[in-house]
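Worth knowing before you read on, the calculation uses all heavy atoms, side chains too, and leaves out hydrogens, waters and symmetry mates. Residue numbers run from 1 in the order of the sequence given.
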Amino acid sequence: MWEGIKGIEMVTLEVQRCIIITGMSGGGKSTVLHLLEDNGMYPIDNIPPTLLPQLLTVLSKHEAAIKNGVAAVVDVRGDNLLKDLFYVIDVLRGEKIEITLLFLEASDETLLSRYEMTKRKHPLAVNISVLDAIKEERTKIAPVLERADIILDTSNLTLPELREKLFACLSIEKEPFTILLSSFGFKYGIPLDCDFLFDVRFLPNPYYDEFLRPLSGKDERVKSYLMTFNEVEEFTNYIISMLEYVLPLYRNTCKQQISVAVGCTGGRHRSVAIVDLLWEHFNKSYERIIVRHRDIEKEQES
């Protein structure tokens, strides 16, 4: 289809879907790209149209690009770039690749407000005002607006609303919200990537029971021992109650993953048992929960 770059053998395209994101500067192209990336698509930011077919060829071996498709922001303000874009779309569609041209629109007032808020310079605002640059840009990219498959006005949309409308327009199924539950031992260091951290070192420690010491918090005997103490049940219910409140709020902000860490001294007994209890509770209402017991074997090794 395309001539290969010198020294690089081109291969048959295996990417089946490509969403080309364009539209008004300040319309939300970067935000939309990040939303699609978070949902599994391979992102390409600000690529000239003529390079897109070669890059799709290179991505023919990339798992995410093949499975979920590619989302590419394309700058089309120049006349030649407009012609290149239309030609590239026609060629790729001729190769049976599903191409969607997504045009992001917004009112002049909204665009002007966004530029004032971010203090960024409009790319066409050379010796003219931002408002005049917006009007000039509208004229330049009017042909793209006419050929767009989807026109999405982002003027009055919150981030969650934009995400909902975007995925609905593109018929994309949202990736499930992910909860990462992890146990750890404070003696081995605090995890740096958690959103919530709970310290359970104040709870009764099975380590001091010679019968329970060789076991881990995954063992029912350790869990049964811990649940004989009222403070264990009360604190676990406290964590559950707090998470039941905040998790939907986090999900509504378009955050795809929440990391909850529970720590005890060695990361083998109490924190493991509490994490497993949290999994048993939230697994009933959340689709994707990942459990990781970071330090469960370290006490055995020492």
### Message
The test is side chain to side chain contact (heavy atoms under 4.5 Å, CB included); show your working for Leu36 and Phe167 and say whether it passes.
### Response
CA-CA 9 Å; Leu36 294 175; Phe167 288 4; 3.8 Å; yes
### Query
So, Thr57 side chain and Pro53 main chain: donor-acceptor pair closer than 3.5 Å or not?
yes
### Query
Regarding Ser216 and Asp219, is there a side-chain donor-to-acceptor distance under 3.5 Å anywhere?
no
### Task
Answer with yes or no whether the hydrophobic clustering places Leu159 together with Ile172; edges join I, L, V, M, F, W, Y residues whose side-chain heavy atoms lie under 4.5 Å apart.
yes
### Message
A cation-pi test, strictly: NZ or CZ of Arg201 under 6.0 Å from the centre of the six-membered ring of Phe186 and no more than 45 degrees from its axis. Yes or no?
### Response
yes
### Query
So does Arg147 have more than 12 non-hydrogen atoms from other groups sitting under 6.0 Å from CZ?
yes
### Check: Gly185 main-chain N/O paired with Asp295 side-chain donor or acceptor under 3.5 Å
yes
### Message
Just verifying a value: how many Å separate Tyr208 OH and Leu212 CG, rounded to the nearest 0.5 Å?
### Response
14.0 Å
### Query
Can you name the closest pair of heavy atoms from Ser129 and Ala125 and give their distance?
O-CB, 4.4 Å
### Message
If we check side-chain contact (heavy atoms from CB on, under 4.5 Å) with Leu101, which of these qualifies: Ile21, Thr22, Val74, Ile150?
### Response
Thr22
### Task
Test Phe86 against Val144 for side chain to side chain contact (heavy atoms under 4.5 Å, CB included), laying out the working first.
CA-CA 9 Å; Phe86 298 148; Val144 183; 4.2 Å; yes
### Query
About how many Å separate CD1 of Ile47 and CG of Leu52, when rounded to the nearest 0.5 Å?
5.5 Å
### Task
Apply the test salt bridge (Lys or Arg N to Asp or Glu O under 4.0 Å) to residues Arg138 and Glu105: give CA-CA distance (whole Å), side-chain angles for both, the deciding distance (0.1 Å), then the verdict.
CA-CA 10 Å; Arg138 287 196 186 281; Glu105 173 67 286; 2.7 Å; yes
#### Entry: Close side-chain approach of Ser271 and Ile274, heavy atoms under 4.5 Å
no
### Query
Would you call Ile258 and Thr178 a side-chain contact if the rule is heavy atoms closer than 4.5 Å?
no
### Query
So which heavy atom on Phe184 is nearest to which on Ala261, and how close?
CE2-CB, 3.9 Å
### Task
Please check if the side chain of Thr236 supplies one atom and the backbone of Val232 the other of a donor-acceptor pair under 3.5 Å.
yes
### Query
Transitively linked via ILVMFWY side-chain contacts under 4.5 Å: Met227 with Val262?
yes
### Task
Decide side chain to side chain contact (heavy atoms under 4.5 Å, CB included) for Tyr207 and Thr265; before the verdict, give the C-alpha distance in whole Å, the side-chain angles of both, and the deciding distance to 0.1 Å.
CA-CA 10 Å; Tyr207 178 84; Thr265 304; over 6 Å; no
#### Entry: Exercise: identify the closest heavy-atom pair between Glu136 and Ile128
OE1-CD1, 3.5 Å
### Minimum heavy-atom distance between Cys264 and Val200, given as atom pair plus value
CB-CG2, 3.9 Å
### Close side-chain approach of Cys169 to Leu166, heavy-atom, < 4.5 Å
no
### Message
Can you see whether Phe177 has Arg288 sitting over its ring - NZ or CZ less than 6.0 Å from the centre and within 45° of the normal?
### Response
no
### Summary
Heavy atoms of Ala106 and Asp153 approach each other most closely as CA-OD1, 3.7 Å
### Query
How far does NE2 of His62 sit from CG of Asn68, to the nearest 0.5 angstrom?
10.5 Å
### Query
Is there a donor-acceptor pair under 3.5 Å between the side chain of Glu161 and the backbone N or O of Thr158?
yes
#### Entry: Note, Lys218 side chain near His269 side chain (heavy atom, < 4.5 Å)
no
#### Entry: Heavy-atom side-chain contact between Asp45 and Leu33 under 4.5 Å
yes
#### Entry: Main-chain N/O of Phe211 paired to Arg221 side chain as donor or acceptor, under 3.5 Å
no
### Message
Are His293 and Ser182 packed together at the side-chain level, in the sense that at least one heavy-atom pair is separated by less than 4.5 angstrom?
### Response
no
### Message
What I'd like to find out is whether the side chain of Leu152 reaches to under 4.5 Å of the side chain of Leu162, using heavy atoms alone.
### Response
yes
### Query
How far apart are the C-alpha atoms of Lys187 and Lys298, what are their side-chain angles, what is the distance that settles it, and do they pass the side chain to side chain contact (heavy atoms under 4.5 Å, CB included) test?
CA-CA 10 Å; Lys187 66 190 294 185; Lys298 289 181 179 176; over 6 Å; no
### Message
Quick one, Asp276 with Lys223, criterion salt bridge (Lys or Arg N to Asp or Glu O under 4.0 Å). Give me CA distance, side-chain angles, the key distance, then yes/no.
### Response
CA-CA 9 Å; Asp276 280 1; Lys223 293 179 182 178; 3.5 Å; yes
#### Entry: Value rounded to 0.5 Å, distance of CG in Asp108 from CE in Met24
7.0 Å
#### Entry: Ser25 to Glu137 - nearest heavy-atom pair and separation
OG-OE2, 2.6 Å
#### Entry: Distance-only polar pair, side chains of Thr154 and Arg114, donor-acceptor under 3.5 Å
yes
### Chi angles and distances behind the ring-ring contact (aromatic ring centres under 6.0 Å, His included) call for Phe196, Tyr250
CA-CA 12 Å; Phe196 294 94; Tyr250 268 88; 5.7 Å; yes
### Query
Have Ser113 and Glu116 got a donor and an acceptor in their side chains that come within less than 3.5 Å?
no
#### Entry: salt bridge (Lys or Arg N to Asp or Glu O under 4.0 Å) partners for Asp193, two or more places apart
none
### Task
Give a yes or no on whether the backbone of Leu203 and the side-chain of Arg270 come within a donor-acceptor separation of less than 3.5 Å.
yes
### Task
Start with the C-alpha gap between Asp149 and Arg93, add the side-chain angles, then the distance that decides, and say whether salt bridge (Lys or Arg N to Asp or Glu O under 4.0 Å) holds.
CA-CA 13 Å; Asp149 300 301; Arg93 284 176 173 163; 2.8 Å; yes
### Query
Got more than 12 heavy atoms from elsewhere within 6.0 Å of CG, Asp90?
yes
### Task
Look at the side-chain heavy atoms of Ile, Leu, Val, Met, Phe, Trp and Tyr, link any pair under 4.5 Å apart, and say whether Leu180 and Tyr286 land in one connected group.
no
Can you give me every donor-acceptor pair (side chain of residues 237-247, partner residue at least two apart or in another chain, under 3.5 Å) with its distance?
{"unit_1": "Asn237", "atom_1": "ND2", "unit_2": "Glu233", "atom_2": "O", "d": "3.2"}
{"unit_1": "Glu244", "atom_1": "OE2", "unit_2": "His281", "atom_2": "NE2", "d": "2.6"}

### Query
If two hydrophobic side chains count as joined below 4.5 Å and joins carry through other members, does Leu170 share a cluster with Ile66?
no
### Query
Under the ring pair (Phe, Tyr, Trp, His ring centres under 6.0 Å) test, which residues partner Tyr115, sequence neighbours left out?
His122
### Query
Would you say Ile89 and Ile20 make side-chain contact, with heavy atoms under 4.5 Å?
yes
### Hphob cluster co-occupancy, Leu249 + Val260, side-chain heavy atoms under 4.5 angstrom
yes
### Task
Nearest 0.5 Å please: distance from the OG atom of Ser107 over to the CG atom of Asn156.
7.0 Å
### Query
CG/Leu92 to CZ/Arg17 distance, rounded to the nearest 0.5 angstrom?
14.5 Å
